[in-house]
Protein chains: 2
Amino acid sequence: MTGKVTSLDVAKRAGVSRSAVSRVFTPGASVSAKTAAKVREAAEALGYRPNALARAMLTGRSKIIGLVVAYLDNHFYPTILELLSCALEREGYHVLVFMAGRDSEDVDTVVEQILDYQVDGLVLGSVGLRSDLAERCRASGVPVVLFNRRIEADGQLAVVSDSHAGGRMAAEHLIGIGCARIGHIAGWDGASTQKDREAGFLEGLENAGMRLFAREVGDFRFARAKEAARRMFRQTPRPDGVFVANDYMAFGVIDVLRAELGLSVPGDVAVIGFDDVPSAAWPAYALTTIRQDPEAMVAATVSALVTEIGGGIAHPPDPLPVTLVRRRTA
Amino acid sequence: MTGKVTSLDVAKRAGVSRSAVSRVFTPGASVSAKTAAKVREAAEALGYRPNALARAMLTGRSKIIGLVVAYLDNHFYPTILELLSCALEREGYHVLVFMAGRDSEDVDTVVEQILDYQVDGLVLGSVGLRSDLAERCRASGVPVVLFNRRIEADGQLAVVSDSHAGGRMAAEHLIGIGCARIGHIAGWDGASTQKDREAGFLEGLENAGMRLFAREVGDFRFARAKEAARRMFRQTPRPDGVFVANDYMAFGVIDVLRAELGLSVPGDVAVIGFDDVPSAAWPAYALTTIRQDPEAMVAATVSALVTEIGGGIAHPPDPLPVTLVRRRTA
DNA sequence: CAAAGTCGTGCAAACGCATGCAAAGGAGAT
DNA sequence: ATCTCCTTTGCATGCGTTTGCACGACTTTG
């Protein structure tokens, strides 16, 4: 029954002071090899490990990063979470996860709760942040990085892909394969990601002297995307090409097209998505899509985070390049 | 520039003692309405929020639950994570996530790190736990619940579905639809989940006087499962029905069958999975599968956790019932 | 051999909060 | 008006660390 074993217990057993054992567990502190050995042995015998909370209180560094994310059903985010968690562990940080509903009111309370834990940094995936909270974070010295979202307020670090270019590439591809009536199934209109992808897409159409043939909103939700597809393809003539704002919705759209409406993809209608989630490569869909690079995105995120935590001032990362992955739906 | 605002600052501004403000933020403490109002106002003005770490140190309750999980590419686990996080937030807890590689050495160091954070509880998804660490947890009074895994050592809380029954149902279903040469693509042989599912499956075959026609190991990995499928279906005569140990692998198997080998599912070979992840319902696969109930599983997990944290002794939950979801692959 | 420098160690003060205990305040009863 | 009892409040202590400062021992240099 070890119960709670503190540094004092170890100190007594090793015949040294609390400071000594503390220094043994603090990399870069000045300890002689002999006492270090004694302390290590005593610690081992007692099963002692430093209390991370106490350390955090004193040093002001909790070594924990808050992550708030709205949903995990879009496979893009689990991928990110896994990558991010591993990358941060490598830097000695750990991830405290908070689920925020889609409504921003929820986000606020959740962010406040996160701050209570004295996190060293905050990454916001798939959600926005009220500016006063951003202000509070800045005041507390907690760096915030927006993931896959920009925000109007400047001075905010944001890691994003070049959604505008991606949207344009989607348009050019659909046009290139001969689509004449091109539709768009949008995500959530409040998201910068949506706006940028769509703006680029429209620009691509315009450059070719075309305009959008149909538009519906799927809100980045699976069920909504299917409804959007049903609405869009009820009319005649129907679109012969559609850009869906992310892969996750694209799966739903393709399901409706093939399974409900009996249409052939890409025979009757070409579909292109955005993200390149792992399942996009599965033969059942073989989804043509605009690829975001998850590794690069999390690398940029942790890089920005650690430089800001270190007291440096990270310069806002450039939008990361995207690439067209041509498969069989467009 | 609020910097760090402590309870003392609030106390001064409200003209009361630190204790008073502490009590205002401690539910169930005795404070008069008048001072509560003063304190609340002062706190609001200063942007004060109690430091969760300091509180945790003093009370011994960090209100954080550690979750260690090996991978997130199998969609079952993101679903669980989302559900679990939401359920725990409702109880006032938060989730500290640790990714553990598949090797158990990694798991050990990760669990030690988690314990450093004085977590109130620990849930281990898709990984095992060395018995000495389990012992250490018990000594520290940290309840541990194994999720979707049993372990030989008794006294361990484990939330599992009735894998045995599920395996049997899979066998009975394949037999019922007329399969004569039945194969099994296994997950990782070290996992109790695998053992139980397979044992039930074999029992189901045996009850019908049949035996396993082929067996390959997919290790719960997507790529491995595809390789396993290629090996299994190289031989002739080939199986006409296969039970894949989880849905995630089943998608890979079906891909190989249809896209690489040109076989019809279920025409040439019936496939049944396990889990019923959301994408199993997508028409592109329409996977027949044995459904685990994620809500029930996390409910059981949370329930066990909170009673143990509360000092009670949770009785090991019964294996949760599974159901056959018949779709179009078997 | 003495002075100066280096290295290792202990002491004590923080970090921000919760809580038992005692004192103070108020209300009600006689 | 006095006594009792209950509610509210302040004081002080402690949670498990890290770390600046000072002191002792030991090594180096002149």
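First the proteins, then the strands, lettered A, B, ... as listed; each starts at 1. Please read all numbers here as calculations on a predicted model, not as lab measurements.
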Euclidean distance, atom [atom1] of residue [X] to atom [atom2] of [N] [Å, nearest integer]:
X: A/R49; N: D/dG16; atom1: CZ; atom2: P; value: 17 Å
X: A/L8; N: D/dT18; atom1: CG; atom2: P; value: 13 Å
X: A/N51; N: D/dT18; atom1: CG; atom2: C1'; value: 12 Å
X: B/L115; N: D/dG16; atom1: CG; atom2: P; value: 16 Å
X: A/K34; N: D/dC26; atom1: NZ; atom2: P; value: 10 Å
X: B/L46; N: C/dG16; atom1: CG; atom2: C1'; value: 15 Å
X: A/R23; N: D/dC21; atom1: CZ; atom2: P; value: 13 Å
X: A/Q118; N: D/dT17; atom1: CD; atom2: P; value: 19 Å

For A/Q113 and B/H94, what are the C-alpha separation, side-chain angles and deciding distance, and is it a side chain to side chain donor-acceptor pair (under 3.5 Å)? CA-CA 9 Å; A/Q113 290 184 38; B/H94 301 293; 3.0 Å; yes
Applying a 4.0 Å non-hydrogen cut-off, can you work out what B/S22 is touching in the nucleic acid: base, sugar-phosphate, or nothing?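 Touches a base.
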Most 5' of A/F25 and B/A33 on DNA chain D, judged by nearest nucleotide: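 First, find each residue's nearest nucleotide; the 5'-ward one identifies B/A33.
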Between the base of D/dC11 and the side chain of B/S19, is one N or O donor paired with an acceptor at under 3.5 angstrom?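 Pair found.
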Got a donor-acceptor pair under 3.5 Å from the side chain of A/R18 to the base of D/dT17?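 Checked by distance alone, the answer is yes.
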Is [X] close enough to [N] that one of its side-chain N or O atoms is under 4.0 Å from OP1 or OP2 there?
X: A/Y48; N: D/dT17; answer: yes
X: B/S7; N: C/dG16; answer: no
X: B/S30; N: D/dT7; answer: no
X: A/T6; N: D/dG16; answer: no

Stepwise side chain to side chain contact (heavy atoms under 4.5 Å, CB included) test for B/K4 and A/Q118: CA-CA 11 Å; B/K4 282 287 178 230; A/Q118 313 299 108; 3.6 Å; yes
Do the ring centers of B/Y71 and B/F220 come within less than 6.0 Å of each other?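 Distance test on ring centres: not under 6.0 Å, no.
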Is the shortest distance from a Lys or Arg side-chain nitrogen in A/R221 or A/D73 to a carboxylate oxygen in the other one below 4.0 Å?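 A salt bridge links A/R221 with A/D73.
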Please set out all donor-acceptor pairs under 3.5 angstrom arising from side-chain atoms of residues 31-38 of chain B, sequence neighbours excluded.
from  : atom 1 : to    : atom 2 : distance (Å)
B/S32 : OG     : B/T35 : N      : 3.3
B/S32 : OG     : B/T35 : OG1    : 3.0
B/T35 : OG1    : B/S32 : O      : 3.1

Determine whether B/Y117 and B/I114 satisfy the following criterion, side chain to side chain contact (heavy atoms under 4.5 Å, CB included), listing intermediate values before the conclusion. CA-CA 5 Å; B/Y117 279 93; B/I114 285 211; 5.8 Å; no
Quick one: what's the B/S/- string for nucleotides 22-28 of chain C, heavy-atom cutoff under 4.0 Å, read 5' to 3'? -------
For A/E41, is the CD atom crowded, meaning more than 12 foreign heavy atoms sit under 6.0 Å from it?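 For A/E41, atom CD is not crowded (no more than 12 foreign heavy atoms under 6.0 Å).
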Worked verdict on B/L320 versus B/V160 for side chain to side chain contact (heavy atoms under 4.5 Å, CB included): CA-CA 6 Å; B/L320 295 160; B/V160 292; over 6 Å; no
Could you check whether the rings of A/H75 and B/H75 sit parallel, tilted or perpendicular, using 30° and 60° as the cut-offs? parallel
B/Y93: which of B/L84, B/D120, B/I64 passes side chain to side chain contact (heavy atoms under 4.5 Å, CB included): B/D120
Residues touching DNA chain C, which here means a heavy atom under 4.0 Å, drawn from residues 52-62 of chain A: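 Contacts with DNA chain C under 4.0 Å: A/M57, A/L58.
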